[in-house]
There are 2 protein chains.
Amino acid sequence: MNRDSPKPTEGAQAVHRTLALLRCFGDSTNDLSASDLARRTELALSTTHRLLQAMAATGFLEQDSDTARYRLGPSMAELGRIAYHRRELHRAEPELAALSQRTGVVADLAVRLGAEAVILVGGSLDGDNRRALRRPLHSTALGKVLLAWPDPAEREPETLTALTDRTITDPDALHAELTRVRAAGFAVNDEESASGVRTVAVPVLDAADRARFALALRSTPEVLASARLGWFAEQAAACASALEVLLIPPAQRRVAARPPIVAG
Amino acid sequence: MNRDSPKPTEGAQAVHRTLALLRCFGDSTNDLSASDLARRTELALSTTHRLLQAMAATGFLEQDSDTARYRLGPSMAELGRIAYHRRELHRAEPELAALSQRTGVVADLAVRLGAEAVILVGGSLDGDNRRALRRPLHSTALGKVLLAWPDPAEREPETLTALTDRTITDPDALHAELTRVRAAGFAVNDEESASGVRTVAVPVLDAADRARFALALRSTPEVLASARLGWFAEQAAACASALEVLLIPPAQRRVAARPPIVAG
């Protein structure tokens with residue numbers, strides 16, 4: 001059997017294009033036109049049309065009959081739901097809701113994907129705040145936690161882009177920050193990602209001392225006041241301990257005590 | 001700009017292959033090996049490996065470091081979550097939970113996708129019952145509802161496969177059944193899909209009298225007893241009325257009264 005395309009990279013290229021088109025919907029809260037999608041993916045419009053038609057035929061996208069714009073389709077909701085339940089992420093929801101209620105601020109759970117932290121559960125998914133579910137590692141508390149207790153298979157981010165004038169863009173400064181994060185047991189993003197936003201994050205650790213997830217509390221610098229950061233980190237750490245049980249299989253679960261929170 | 005592949009259908013073929021590989025995970029609760037996936041999709045193993053590597057690189061799949069098997073990855077959980085919230089499906093969850101509690105049986109919400117009903121919200125997604133989220137239209141109460149109040153753009157299913165000795169496989173018998181469903185205001189699947197399973201379903205209707213969703217209650221024939229079917233259908237219809245408000249935009253929402261439930 002040989003159904004392979006002539007060029008060995010052909011199939012992989014189309015996979016990357018398909019997934020790039022799907023990714024566009026992660027960055028947008030609106031329906032997207034074929035030309036929007038062509039521009040964002042830098043694909044030819046004819047290629048884009050062809051790929052979009054195939055994606056709509058299988059229910060991965062859906063085309064609005066009035067506007068001809070595309071949105072994510074029922075197959076994506078279906079498989080996403082399976083992926084979500086298969087990872088037991090639904091078990092994290094009541095824990096995050098309780099943490100959010102106890103602290104009065106938004107609680108989010110993220111994993112690392114390449115050079116970004118991707119929020120999969122939590123308050124940032126509710127309402128209309130669906131824009132920024134992926135964030136660069138170096139400029140977020142979530143990302144600092146994922147970098148401070150790293151998966152050895154993952155590489156360090158190479159470009160440290162400034163998002164505000166507080167973003168850490170020097171690799172040496174980032175290394176010093178990660179050493180502080182490990183010593184303190186938590187990370188802070190102090191308006192390094194967006195002005196007016198402060199976050200505190202702790203790791204959800206496995207037996208290999210790796211942050212499988214990062215758990216963040218997000219609010220303003222006034223609410224997450226410097227004098228209370230230790231308290232917020234303690235609350236998050238208590239929730240992270242529960243998530244280590246709920247989300248990590250017994251064989252991979254940490255048995256030693258959590259690193260203590262050391263507020264500076 | 002011309003980044004198109006030489007053959008005009010090339011890209012679409014790779015899209016279908018990519019989506020077919022993703023679809024395999026909707027039908028399985030286990031992690032899948034590359035050879036499992038090649039067999040299920042009838043792709044060459046070399047092609048499959050190449051596509052899987054591209055899909056793992058983008059986080060749409062994830063490879064277990066111990067078993068080398070694949071599962072759905074964080075990008076799928078992320079985009080699925082966005083698709084789910086974008087369609088406001090999270091607003092259906094408390095309504096379905098209340099319906100399930102009121103009736104004591106499982107409540108599910110489905111949409112039509114081709115010749116299948118796909119469950120997107122409800123009790124069938126919980127626990128380990130993640131196998132049968134897609135079901136042929138003709139053998140389910142969900143499907144009969146979607147066919148009885150059809151989208152004119154959709155075609156009738158062509159092959160009516162027998163799943164039990166009660167499955168309706170004759171097109172004329174199915175048409176007669178759909179006429180009964182419209183007159184009664186609800187559909188019944190009486191062990192037509194699996195032995196020991198009875199379901200009652202009602203439509204979530206829009207202004208064009210089209211079932212945008214189907215809402216089902218599922219249990220055994222003993223619990224969903226014939227004498228009580230009307231009561232269960234009434235409970236489901238009350239929930240469907242709420243979902244017409246929560247899930248359908250005002251401009252597309254039905255203004256007339258629901259079809260009454262007429263228990264036979």
Side-chain angles (χ1 to χ4, degrees), chain A residues 1-20 22-23 25-26 29 42-44 46-47 50-51 53-55 58-60 65 71-87 89-90 111 113-114 118-120 125-126 130 133-134 153, chain B residues 1-20 22-23 25-26 29 42-44 46-47 50-51 53-55 58-60 65 71-87 89-90 111 113-114 118-120 125-126 130 133-134 153:
Chain A
M1 179 165 125
N2 181 10
R3 300 199 189 177
D4 289 9
S5 53
K7 284 196 263 168
T9 57
E10 197 83 56
Q13 186 190 44
V15 170
H16 280 292
R17 289 171 169 182
T18 304
L19 302 181
L22 288 173
R23 277 284 307 275
F25 294 91
T29 55
E42 297 184 358
L43 291 171
S46 60
T47 308
R50 197 167 65 239
L51 299 179
Q53 275 166 19
M55 291 161 80
T58 45
F60 280 81
S65 51
R71 66 178 73 98
L72 295 174
S75 294
M76 190 56 73
E78 176 200 19
L79 289 182
R81 197 116 178 100
I82 290 168
Y84 189 79
H85 278 253
R86 186 94 177 79
R87 299 172 156 265
L89 292 168
H90 58 292
V111 295
L113 193 60
V118 183
I119 296 175
L120 294 179
L125 285 152
D126 298 333
R130 285 177 295 239
L133 299 182
R134 289 186 179 231
Chain B
M1 182 165 119
N2 181 11
R3 298 199 189 177
D4 290 9
S5 53
K7 287 194 262 170
T9 58
E10 197 84 58
Q13 186 190 45
V15 170
H16 280 292
R17 288 170 170 183
T18 304
L19 302 182
L22 288 174
R23 278 283 306 275
F25 295 91
T29 56
E42 298 183 358
L43 290 172
S46 61
T47 307
R50 198 168 63 239
L51 298 180
Q53 275 166 19
M55 291 160 80
T58 44
F60 279 82
S65 51
R71 64 178 75 98
L72 295 174
S75 293
M76 191 55 75
E78 175 200 18
L79 289 183
R81 197 117 179 100
I82 291 168
Y84 188 79
H85 279 252
R86 186 94 177 78
R87 299 171 154 264
L89 291 168
H90 58 290
V111 293
L113 194 59
V118 184
I119 296 176
L120 294 181
L125 284 153
D126 296 335
R130 286 178 293 237
L133 299 182
R134 289 188 179 228

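Every chain is numbered from 1, with letters handed out A, B, ... down the list of sequences.
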State, with a plain yes or no, whether a side-chain heavy atom of A/Leu120 is found less than 4.5 Å away from one of B/Arg81. no
Does A/Pro74 reach the side chain of B/Val111, with side-chain heavy atoms less than 4.5 Å apart? yes
No-hydrogen, no-angle side-chain donor-acceptor test under 3.5 Å, B/Ser75 and A/Arg134: yes
Of the listed A/Gly59, A/Ala20, A/Ala83, A/Ala153, the one with the largest count of heavy-atom pairs under 4.5 Å with chain B is A/Ala83
Working to the nearest 0.5 angstrom, can you tell me the gap between B/Met55 CE and A/Thr18 OG1? 9.0 Å
For B/Arg87, give me all partners under salt bridge (charged side-chain N to carboxylate O under 4.0 Å, His left out), at least two apart in sequence or on another chain. A/Glu62
Honestly, the part of B/Leu22 sitting under 4.5 Å from a heavy atom of chain A is both
Okay, A/Leu113 and chain B: the region with an atom under 4.5 Å from a heavy atom over there is side chain
Minimum heavy-atom distance A/Phe25-B/Leu79, with the two atoms named: C-CD2, 4.4 Å
Please report the interatomic distance CD(A/Gln13) to CZ(B/Arg50), rounded to the nearest 0.5 Å. 11.5 Å
How long is the gap from CZ on B/Arg23 to OG1 on A/Thr58, to the nearest 0.5 Å? 8.5 Å
